[in-house]
Amino acid sequence: MKNREIAKIFYEIADMLEMQDVQFKPRAYRKAAQNIESLSEDIEEIYKRGELEKIPGVGKSIAEKVKEFIEKGSVAYYEKLKKEIPVNLEELSSVEGLGPKMIKLLYKELGIKNLNDLEKAAKEGKIRHLKGMGERTEQKILENIEFARKKGGRILLGFALPEAMKLIKFLEKYAEKISLAGSLRRRKETIGDMDILAVSLNPEKLMDEFTSMNEVDKILAKGETKSSVRLKSGIQVDLRIVDKESFGSALQYFTGSKEHNIEVRKIAVRNGYKLNEYGLFDKKSNKKIAGETEEGVYKALGMQYIPPELRENRGEVEAALNGALPALVERKDVRGDLQMHTKWSDGANTIEEMVKEGIKLGHSFIAITDHVGTLKIAGGMGEEEIRKQMKEIESLNEKYDDFHIFHGVEVNILKDGNLDMSRKVLKDVDVVIASIHSAFRQPMEEMTKRLLKALENDVVDILAHPTARIIYKREAIKFDVEKVFDAARENDVILEINAQPDRLDLNDILAKKAIEMGVKLSIGTDAHNKETLRYIELGVAVARRAWAEKKDIVNTYSIDKLEKIFSK
DNA sequence: GCCGTTTTCGGCCCGACTGTTTTCAGTCG
């Protein structure tokens with residue numbers, strides 16, 4: 001898929017146009033980039049059908065550039081702009097506080113093209129003499145370069161969420177109301193920073209407590225209504241305090257996404273209103289229509305309440321206007337976990353320990369899916385061990401009579417698409433999870449064939465972590481998504497949403513696509529110890545971001561129904 | 001450069017904080 005590549009080019013064009021003080025075009029390019037980036041379909045397919053201009057935000061001119069990129073692998077307009085200001089935009093704009101205007105100034109005056117140039121100039125005290133700059137700006141740049149290098153920016157949802165909850169728990173003592181906002185509340189797979197919103201009878205005290213928390217490494221800004229700190233863990237946290245009457249509109253505003261808010265504000269304008277963080281106002285009389293609750297704001301705009309996970313401008317605004325939002329699956333609908341490992345292979349706990357933890361989490365079933373076959377690193381079990389494990393699970397099922405343990409295995413899909421275990425054994429276990437662990441450097445067509453062969457194998461129930469990506473570490477494997485998802489549906493194979501924080505695979509976009517294609521999904525934590533069974537909530541988050549309803553997620557089914565599905 | 005439930009031309013979301021300023025531009029969300 002060239003979607004990301006193309007989106008990146010348009011984002012950069014937007015920045016470069018902004019450097020040249022071009023009006024409005026940057027916004028147009030950014031919008032197109034955002035829409036292309038979140039397409040679930042390969043943009044080349046859309047191009048082949050001649051439907052590029054049907055993508056929102058893509059008109060004649062941008063469609064031309066997409067076409068040019070697909071056909072020639074480059075965009076002349078982009079190359080031309082790059083020559084005018086030949087800097088490493090991605091690198092430089094990763095430094096907090098550096099935007100297009102400053103980057104341009106730094107290049108024009110000092111020839112700064114990348115982080116190294118920037119650091120050198122700052123250390124030599126050259127930046128402070130530029131117009132609009134000073135000593136403090138220079139100092140800040142130096143500090144932020146170091147940070148930009150160290151962190152690379154974003155952190156995983158699964159790591160940010162517990163930390164954020166801890167802060168909320170501490171701060172709520174000083175607040176009347178408090179909530180997460182921003183990308184964390186939307187449960188994006190990675191988080192740039194944490195946003196917290198609060199109402200307080202004693203705002204000053206709350207700000208003081210916030211900026212003096214143990215976790216704080218540095219206070220970046222402190223004001224009456226907004227403060228920012230950097231935690232020792234490197235995460236930036238913004239706290240905003242608003243009036244009680246504005247809490248709903250502020251929460252809506254600070255939850256974003258930015259693109260979602262732009263759409264919602266347009267609806268407001270269309271109705272003769274104005275929407276900002278203080279409330280929804282009648283434009284003429286300036287009378288406040290709503291603002292205390294988010295629900296009230298959406299309602300006043302004639303929309304259904306939109307759950308935060310959907311607020312990505314992927315069609316939710318239109319759906320909410322039409323009363324057509326999905327009834328999203330909830331954590332409480334999920335009755336069990338469909339992938340985990342124990343001491344039988346590479347896990348840390350026994351089956352019984354996993355059962356007990358599952359019960360604690362409110363599950364009524366789990367699937368034990370240890371590695372089998374020649375995947376020796378993961379302690380793959382042989383045929384005899386599988387039979388022994390079967391006996392242990394049988395007796396545990398008798399012991400815990402309100403709880404059910406499915407006996408499963410996770411089997412490797414070999415390079416040729418065959419499974420790494422004899423069919424005879426696989427037929428005897430309850431549930432077979434197939435997955436790719438060694439991706440080689442297979443071309444897309446071969447990878448597609450490999451997956452299709454596995455999906456067509458009648459013993460396979462679930463395809464786990466289908467793209468095998470590791471966030472920020474390993475690229476997703478490339479395959480023909482349409483063909484593979486079609487085959488999953490036709491062969492009644494469930495696709496997994498793997499809930500490991502660095503996997504989240506399928507991701508929200510692909511999972512949404514799978515649902516649209518009629519494929520069923522499962523959530524598996526892939527836990528290798530009992531503590532990480534709690535990652536189930538990350539899987540639910542991805543499902544919700546994928547617009548999944550209860551019926552789309554098999555973890556919500558009864559044990560009987562699952563047994564039938566697995567014995568297909 | 002895109003778009004249309006007033007529009008095929010004339011609009012395009014809105015406000016806080018910072019650092020430099022003495023009234024504001026740039027950045028961020």
Side-chain angles (χ1 to χ4, degrees), chain A residues 10 13-15 17-19 21-35 52-66 77 92-106 127-141 144 181-186 188 191-197 207 219-228 236-242 246 249-281 283 302 311 313 321:
Chain A
F10 290 151
I13 289 177
D15 280 346
L17 290 172
E18 206 153 88
M19 286 177 183
D21 280 316
V22 177
Q23 296 293 300
F24 305 113
K25 285 189 192 184
R27 187 176 304 164
Y29 276 101
R30 269 194 203 109
K31 183 164 180 140
Q34 192 244 333
N35 284 323
L52 285 174
E53 287 186 50
K54 285 193 180 172
I55 302 169
V58 176
K60 208 173 164 202
S61 170
I62 290 185
E64 267 312 308
K65 294 183 178 75
V66 173
Y77 181 63
L92 288 175
S93 50
S94 74
V95 176
E96 169 89 19
L98 277 198
K101 296 285 165 67
M102 284 172 76
I103 291 173
K104 181 187 176 190
L105 182 72
L106 289 167
I127 292 175
R128 66 183 72 176
H129 303 302
L130 298 183
K131 195 175 169 228
M133 309 265 185
E135 227 173 296
R136 302 201 57 168
T137 310
E138 192 175 82
Q139 192 52 39
K140 225 169 130 183
I141 285 176
N144 289 337
S183 52
L184 206 45
R185 182 162 181 248
R186 302 199 312 277
K188 263 191 85 163
I191 302 297
D193 62 13
M194 295 180 187
D195 293 295
I196 298 174
L197 188 72
M207 280 305 186
I219 299 169
L220 303 173
K222 191 176 176 189
E224 277 175 37
T225 61
K226 181 191 168 184
S227 294
S228 298
Q236 181 177 327
V237 189
D238 296 345
L239 173 65
R240 306 196 188 231
I241 300 178
V242 296
S246 302
S249 43
L251 190 56
Q252 197 281 329
Y253 181 89
F254 291 119
T255 296
S257 66
K258 195 172 163 185
E259 292 74 17
H260 170 86
N261 285 354
I262 289 173
E263 289 310 307
V264 173
R265 256 175 255 140
K266 278 189 203 158
I267 306 292
V269 170
R270 204 184 293 164
N271 286 300
Y273 300 144
K274 185 182 80 165
L275 178 63
N276 58 29
E277 59 261 58
Y278 301 107
L280 181 67
F281 300 91
K283 220 163 191 175
R311 301 181 196 172
N313 192 23
L321 282 169

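Order of the sequence lines fixes the chain letters, A, B, ..., with proteins taken first and strands second; residue numbering starts at 1 for each chain.
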Letter by letter from the 5' end, nucleotides 23-28 of chain B scores (B base, S sugar-phosphate only, - none; protein heavy atoms under 4.0 Å) ---SSS
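Atom CG of A/N261 and atom P of B/dC12 are 18 Å apart (whole Å). Straight-line distance from the CG atom of A/L17 to the P atom of B/dC2: 12 Å, rounded to whole Å. Rounded to an integer number of Å, the gap from CG of A/L220 to C1' of B/dT18 is 12 Å. Atom CZ in A/R27 sits about 15 Å away from atom P in B/dG1, given to the nearest Å. Between A/E64 atom CD and B/dC2 atom P there is a gap of 10 Å when expressed in whole angstrom units. Between A/R240 atom CZ and B/dC14 atom C1' the separation is 12 Å, expressed in whole Å. Rounded to an integer number of Å, the gap from A/L280 CG to B/dC14 P is 12 Å. Summarising the geometry, the separation between CG on A/N144 and C1' on B/dG19 is reported as 14 Å, rounded to the nearest angstrom.
Figure legend. B/dT27 is base-paired to B/dA16; pairs are counted as Watson-Crick or G-U wobble with both atom distances under 3.5 Å.
Of all non-hydrogen atoms in A/R186 and A/R311, the two that sit nearest each other are CD-O, 3.5 Å.
When side chains are defined from C-beta on, A/R128 counts as touching A/E138, because their heavy atoms get closer than 4.5 Å. Between A/Y273 and A/K283, the closest side-chain pair of non-hydrogen atoms is not below 4.5 Å. Residues A/K104 and A/P100 form no side-chain contact, since every pair of their non-hydrogen atoms from C-beta on lies 4.5 Å or further apart.
Considering only side-chain atoms of A/A221, the nucleotide from B/dC2, B/dC17, B/dA16 that sits closest is B/dC17. Checked against B/dG1, B/dG29, B/dT20, the side chain of A/F24 finds its nearest nucleotide in B/dG1. Minimum atom distance to the side chain of A/T137 is reached by B/dT20, of the listed B/dT20, B/dC17, B/dG29.
Rounded to whole Å, the C1' atom of B/dG4 lies 8 Å from the corresponding atom of B/dT8. B/dT23 and B/dT18 have their C1' atoms separated by 15 Å, given to the nearest Å. Using C1' as the reference atom, B/dT21 and B/dA25 are 10 Å apart when rounded to the nearest Å. For B/dT27 and B/dT20, the P atoms lie 14 Å apart once the distance is rounded to whole Å. On the C1' atoms, B/dC14 is 25 Å away from B/dC9, given to the nearest whole Å. Nucleotides B/dC2 and B/dT7, compared at atom C1', are 14 Å apart to the nearest Å. The same atom, C1', is picked in B/dT6 and in B/dG11; the two are 13 Å apart, to the nearest Å.
Using a 4.0 Å heavy-atom criterion, one finds that A/E138 contacts no nucleic acid atom at all. The residue A/E277 sits close only to the backbone: its heavy atoms come under 4.0 Å of sugar-phosphate atoms, none of a base. Among the heavy atoms of the strands lying under 4.0 Å from A/K60 are primed sugar atoms or P, OP1, OP2 only; no base atom is included. Among the heavy atoms of the strands lying under 4.0 Å from A/Y253 is at least one base atom, whether or not backbone atoms are also near. In this structure, A/K65 reaches the sugar-phosphate backbone alone: every heavy-atom distance under 4.0 Å involves primed, P, OP1 or OP2 atoms, never a base.
When atom types are taken as modelled, the side chain of A/S246 and the backbone of A/S249 share no donor-acceptor pair closer than 3.5 angstrom. Side-chain N or O atoms of A/D193 include none that pairs as donor or acceptor with a backbone N or O of A/V237 at under 3.5 Å.
Phosphate contact (OP1/OP2 of B/dA16, side-chain N/O of A/Y278, threshold under 4.0 Å): present. Contact annotation: A/T225 reaches the phosphate of B/dC17 (side-chain N/O to OP1 or OP2, under 4.0 Å). Look at A/K140 and you won't find any side-chain N or O under 4.0 angstrom from OP1 or OP2 of B/dC17.
Taking for each of A/E53 and A/Q236 the nucleotide of DNA chain B with the nearest heavy atom, the 5'-most of the two is the partner of A/E53. Checking A/A63 against A/G134, the closest nucleotide of DNA chain B that is more toward the 5' end is the one next to A/A63.
Residues A/T255 and A/R185 have side chains that bring a donor and an acceptor to within less than 3.5 angstrom of each other.
Taking the six-membered ring where tryptophan is involved, the planes of A/Y29 and A/F10 are tilted, since the angle between them lies from 30° to 60°.
At a threshold of 4.0 Å, the pair A/E263-A/K31 counts as salt-bridged, since one of the basic side-chain nitrogens sits closer than that to a carboxylate oxygen.
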